[in-house]
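Everything numeric here is computed off the predicted structure, so don't read it as measured data. Chain letters run A, B, ... following the sequence lines, proteins first and then strands; every chain starts at 1.
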Amino acid sequence: MSALTDLLDRAERVYRDWRFTTVKEWKARTGGLAVGYMPVWVPREVLHAQGVLPVGVMGAGDDLEIIRGDAYYQSYICHIPRSTIELALNGSLDCLDGMLFPATCDVIRNLSGIWKLTFADKLVRYYDTPQDFDPARGGAFVRKDLEELSEDLARRGARPLTAAALRRSVEAYNENRRLVRGLYDLRRDAPWKVPTYELYVLLRAGMVLPVEESSAMLASYRAAVEADTSRRPMDQARVVLSGSFCEQPPLGLLKTLERSGCYIVDDDLAQVHRWIRSDVPLEGDPLDALVAASLHDAIPHPTRWSEGEKKGEDLVERVRRSRAGGVLFAAPSFCDPALLDQPMAVAAIERAGIPWTAFKYAENGGQFQVIREQAGTFADSIKLWSAA
Amino acid sequence: MPTPKDALKDDSQLRQKTMIADHFTRLSRAPDTGEKCVYTYVPGNLTELLRAFGTLPVLPEINALQSGMRGKSRDFIALAEKTGHSEDVCAYVKSDIGMQAAGNVGPTGERLPKPDLLLLSYTGCFTFLKWFELLREQYQCPTVMLHVPYQGEGAITASMRKYVVDQIKEKLIPALEQVTGRAYDEDLLKEHLARSAKAEDDLVAVLESAKHVPSPIDSWFGGVYYIGPIFTAFRGTQDAVEYYRMLRAEVEERVRLGKGPVTPDGDLERERYRVVVEGPPPWTHFRELWKMFADEGAVVVASTYTKVGGVYDFGFRHDPSRPLETLADYCMGCYTNLNLPTRVDMIARYVREYSADGFLINSVKSCKSFSAGQLMILREVEKRTGRPGGFIESDLVDPRYFSAANVKNRLESYFQMIEQKRTGVGVA
Ligand code: SF4
Ligand code: SF4
């Protein structure tokens, strides 16, 4: 096997391992705490600075049969909370000393309560990300929240938070984000070099592995694909995939989209890596810098208030920047934030004369034939449109 | 709030009807009179502040539920879905969007004014954000985001309170000054808050009357009428003070006479089951469901839905001596802003304190803020109280999700379960 295949193999194994073997190994090796987090807005730097391993818990995809999780949720609620609770009940999350539930939607918010009721011995925190972006208001509030989180972690045996350690962690995550951004840029410029399903498994592995290991993996991947001359451009339509920021589409779906003739040149997948847009400054107080980034450098998002902005304009801008020919709206079924955002985004996309199509998915969905045809027809129409 | 046809004919109800009618007439005339209108939500509504600025509140959720009761929501939802809204999302939003697309004619048949300000009191529901983004797109009017932190840890901290107070002081008040051309008058706000507290005392007395056996009120089907004024445009007004005084006197009289609650068919003759209900009612089939309860002799003695616009029965009152802090505490204390453990404690407490035979969850498809986690609540409350829990499913205003036969079946088995528990006969 080539080094690239080995690397992708390992990334996919980590991504698919709902038993979190690497987390258990890390804990055995380091004796540190591991804390899980759900999408999207998590300041992983704070955990890292205290010697805690942040572990992304994004449901169980299509790899786990849901037995007990369905007893927790009605049919009209998305899939991710039921597979997440299933993981907890089958013991997969025993290796986690706590869970963070960021302010993404009512389902995740209430899941934090289910966790509190069910796992009383674990650290469970709802992380209320600010919707007011004034430093003295939203900033002060979120800073206090982070301080409380860090005190909670210290009470459970983590190292106390220091400015020096946090600065180092910010540096480590800046580096990781730079590598991720670099790969997104490379995919935008040469999508045949960076298929989305490859990039995606690397990002998912990077949510479970220590950041240093993830960065090494991303750098090796980049070097390998840049050197790989066998990857040649094909006649595919460039599209932006929008709406998949929380419950993730199954890997098979991403592959299907690419096989149906689309190059995904921008997306909302595994957004924890990209919700801060640029490097967090290393000067001054690092906690202040992190707070400022969450106020002023966070991506526009369906779950985030946008002061005065016209909804959907950021998506239009992303389409332009990535030179995409259209937008594939792909939202999880029953996802209010994504689905209520969509009509506004569609209006903006239509105002800009950009073609689009939409479908829904569930993380455990297995039938892609209809989506394949829909995406294939869409890709053809984009190609025709751009040839005209 | 809903206007009962023949169900509740007490003086207080007639008074409420007049208050609502007058308010909607005033709203419809606002474009001519120049009165400013502020759209906002029931949870976390800052009516005293809005009124102190002389603005008129418009509550889109109330319009949506009224559309449900008047049988209009089906068409409004269809209209919204035709314009790209998903079948999966909250039907309140779709009903409202559809109503506006159809001319924005409100529940009284009069046209509603456009908002001069959207006050996004972001309390206990993420969908509120999307809803007002949609309205902002449509009306292009100023919008204030008031971020109300969730009680994730089960308490209000000083930092949370300061965050809300600072937003009110530095964002909302200047926006209201701008829209109305009036200066903030704290003394006036205090007067409103003092009146709120009076009405809240009387409301709590009304709700707690259900501790009597038999209960003189139904705290869900009847309760939604009782909370009408205080949850909507009237908290802090003299009208509300008088309404609640009147209502309390009527309820006390019912207690004195040993009367049961009013039902769609008149007074309930015999109280057979006392239940606590969690979740909102299905407005499209409100009377039908009410009748199913009444036919079984089931009385709702406490409900969580009557706490979405404020939880008053555990001691909170608006406090004029700390006007902005009290508004912040009010917002953070609304039911859907409470975490699940607190909700479980509250329901378990209701079951005990109201001597309930059990509790029933009406899970509505629209509202994840309520429904995500209700199956957990069901198990926890059963475990803590040892009383049986029941579960029915429907929707707030989307009639496609109400199956009368199914609900009736489930209710019958549920009441049977209570019966068996009472007589000690095991369920096979
Ligand atoms: S998929 Fe959507 S509705 Fe479900 S938990 Fe995630 S953000 Fe919430
Ligand atoms: S989700 Fe629930 S609380 Fe939010 S707007 Fe819809 S019905 Fe109201």
Chain A shares the most heavy-atom pairs under 4.5 Å, among B:Gly84, B:Pro142, B:Ser369, with B:Ser369
Okay, B:Ile377 and chain A: the region with an atom under 4.5 Å from a heavy atom over there is neither
Residues passing the salt bridge (charged side-chain N to carboxylate O under 4.0 Å, His left out) test with B:Asp116, sequence neighbours excluded, are none
A:Lys116 side chain reached by B:Leu340 side chain, heavy atoms, under 4.5 Å: no
The salt bridge (charged side-chain N to carboxylate O under 4.0 Å, His left out) partners of A:Asp152 (sequence neighbours excluded) come to A:Arg125, A:Arg155
Turns out that what part of B:Val93 lies under 4.5 Å from chain A's heavy atoms comes down to side chain
Turns out that what part of A:Ala103 lies under 4.5 Å from chain B's heavy atoms comes down to both
dist B:Leu146:CG -> A:Gln131:CD (nearest 0.5 Å) comes out at 11.5 Å
Heaviest contributor of heavy-atom pairs below 4.5 Å to chain B, chosen from A:Arg109, A:Met344, A:Lys144, is A:Arg109
Separation between CG (B:Leu120) and CH2 (A:Trp305), nearest 0.5 Å, reads 5.5 Å
Assert top hit (heavy-atom pairs under 4.5 Å, partner chain A, pool B:Glu170, B:Lys94, B:Glu87) equals B:Glu170
d(A:Gln74 CD, B:Glu393 CD) to nearest 0.5 Å is 6.0 Å
| field | Heavy-atom side-chain proximity of A:Cys335 to B:Asp88 below 4.5 angstrom | value | no
Note: vs chain B, highest number of non-hydrogen pairs under 4.5 angstrom among A:Ser333, A:Ala347, A:Cys105 is A:Cys105
Turns out that what part of B:Val344 lies under 4.5 Å from chain A's heavy atoms comes down to side chain
Under 4.5 Å to a heavy atom of chain A? For B:Leu129 that would be side chain
Turns out that what part of B:Phe391 lies under 4.5 Å from chain A's heavy atoms comes down to side chain
Problem - Atom CD of B:Gln178 with >12 non-hydrogen neighbours under 6.0 angstrom - result: no
Turns out that what part of B:Tyr122 lies under 4.5 Å from chain A's heavy atoms comes down to side chain
Note: A:Lys360 and B:Ser86 closest approach over all heavy atoms is NZ-OG, 3.9 Å
Comparing A:Tyr127, A:Tyr73, A:Tyr72 against chain B, the one with the most heavy-atom pairs below 4.5 Å turns out to be A:Tyr72
Within residues 76-86 of chain A, contacts to chain B at heavy-atom distances under 4.5 Å involve A:Tyr76, A:Ile77
With the threshold set at 4.0 Å, does a side-chain nitrogen-carboxylate oxygen contact exist between B:Glu137 and A:Lys311? no
Scored by heavy-atom pairs under 4.5 Å with chain A, the best of B:Val164, B:Val165, B:Thr83, B:Val364 is B:Val364
Contacts satisfying ring-ring contact (aromatic ring centres under 6.0 Å, His included) that involve residues 149-172 of chain B (not counting sequence neighbours) are A:Tyr126-B:Tyr150, A:Phe141-B:Tyr163, B:His147-B:Tyr163
The interface call for A:Val346 against chain B, heavy-atom contacts under 4.5 Å, is neither
*How about A:Asp132 and B:Met145: do any of their side-chain heavy atoms sit closer than 4.5 Å?*
no
One should read off an interatomic distance between B:Lys171 NZ and A:Glu307 CD, to the nearest 0.5 angstrom, of 6.0 Å
In the structure I gave you, are the side-chain heavy atoms of A:Asp134 and B:Gln167 within less than 4.5 Å of one another anywhere? no
For this session: Look at A:Asp341 together with B:Lys130 and state whether they make a salt bridge at an N to O cut-off of under 4.0 Å.
Result: yes
So, the part of B:Gln140 with a heavy atom under 4.5 Å from chain A: the answer is side chain
Under 4.5 Å to a heavy atom of chain A? For B:Glu380 that would be side chain
Quick check: do A:Ser306 and B:Arg136 have side-chain heavy atoms less than 4.5 Å from each other? yes
Turns out that what part of B:Thr336 lies under 4.5 Å from chain A's heavy atoms comes down to neither
task = Evaluate the side-chain proximity of A:Ser75 to B:Lys365: yes if any heavy-atom separation is below 4.5 Å, no if none is.
result = no
Comparing A:Gly138, A:Ala358, A:Ser112 against chain B, the one with the most heavy-atom pairs below 4.5 Å turns out to be A:Gly138
Interatomic distance, CZ@B:Phe370 vs CG@A:Asn110, rounded to 0.5 Å, equals 10.5 Å
Output for pair (B:Lys368 NZ, A:Asp106 CG), nearest 0.5 Å, gives 9.0 Å
Okay, B:Asn339 and chain A: the region with an atom under 4.5 Å from a heavy atom over there is side chain
